[in-house]
Amino acid sequence: MILLLLGLLLTVIALPVSDKKDSSLAAGSESSSFFADTSYESTEAERTTLEKKLEDLLSQVEGVGKVRVILMTGEEKDSSSFYSSGKEAVTGVLIAAQGADNSVVSRNIVEGVMALFQLDAHKIKVIKMK
């Protein structure tokens, strides 16, 4: 019985699969790009929603004024991160705020984003908005 199973296993391993693989890649390339585009659009929508939420939150902080946020996402996966979608997590934040010329306001923004996304300070940049 064991020899029969071993022979069957060796037969399956020895089967050529390169021809089937090439034809499946050609036929499946359109469907894989379709799914890739969908996941990209989904990630973009989630990131935009998160950017808007962060903008709304920061605009309520005293001294910040108008604010714009851009989130950078990447392949870093951190289980303690507030936002992670599949293999992507927030890896950098750029914030333009009217009150960024005040060092206390700028520091409060950086500390809040550090706490929210579990990022280091060097991955967060706060700039003055016109």
Pairs of donor and acceptor atoms involving the side chains of residues 54-62, under 3.5 Å and at least two apart or interchain, shall be tabulated with distances.
from, atom 1, to, atom 2, distance (Å)
Glu55, OE2, Val69, N, 2.9
Ser59, OG, Glu55, O, 3.2
Ser59, OG, Asp56, O, 2.9

Seminar exercise, completed: For Ile109 and Ile95 the tightest heavy-atom approach is CG2-CD1, 3.5 Å

Seminar exercise, completed: Across all chains, not counting sequence neighbours, the side chain to side chain contact (heavy atoms under 4.5 Å, CB included) partners of Lys66 are Gln98, Met129

Problem set entry | For the student: nearest non-hydrogen atoms of Val110 and Ile124, plus distance | O-CD1, 3.8 Å

Exercise. If you measure from CG on Leu94 to NZ on Lys125, what distance do you get to the nearest 0.5 Å?
Worked result: 9.0 Å

Problem set entry | Straight-line distance of Ile70 CD1 to Arg68 CZ, nearest 0.5 Å | 7.0 Å

Exercise. Taking the side chain from Asn102 and the backbone from Val104, do they hold a donor-acceptor pair closer than 3.5 Å?
Worked result: yes

Problem set entry | Point-to-point distance, once rounded to the nearest 0.5 Å, from CE of Met114 to CG of Leu119 | 8.5 Å

Exercise. At their closest point, which heavy atom of Ile127 faces which heavy atom of Ala100, and how far apart are they?
Worked result: O-CB, 3.3 Å

For this session: To the nearest 0.5 angstrom, please state how far the CZ atom of Phe117 sits from the CG atom of Leu71.
Result: 5.0 Å

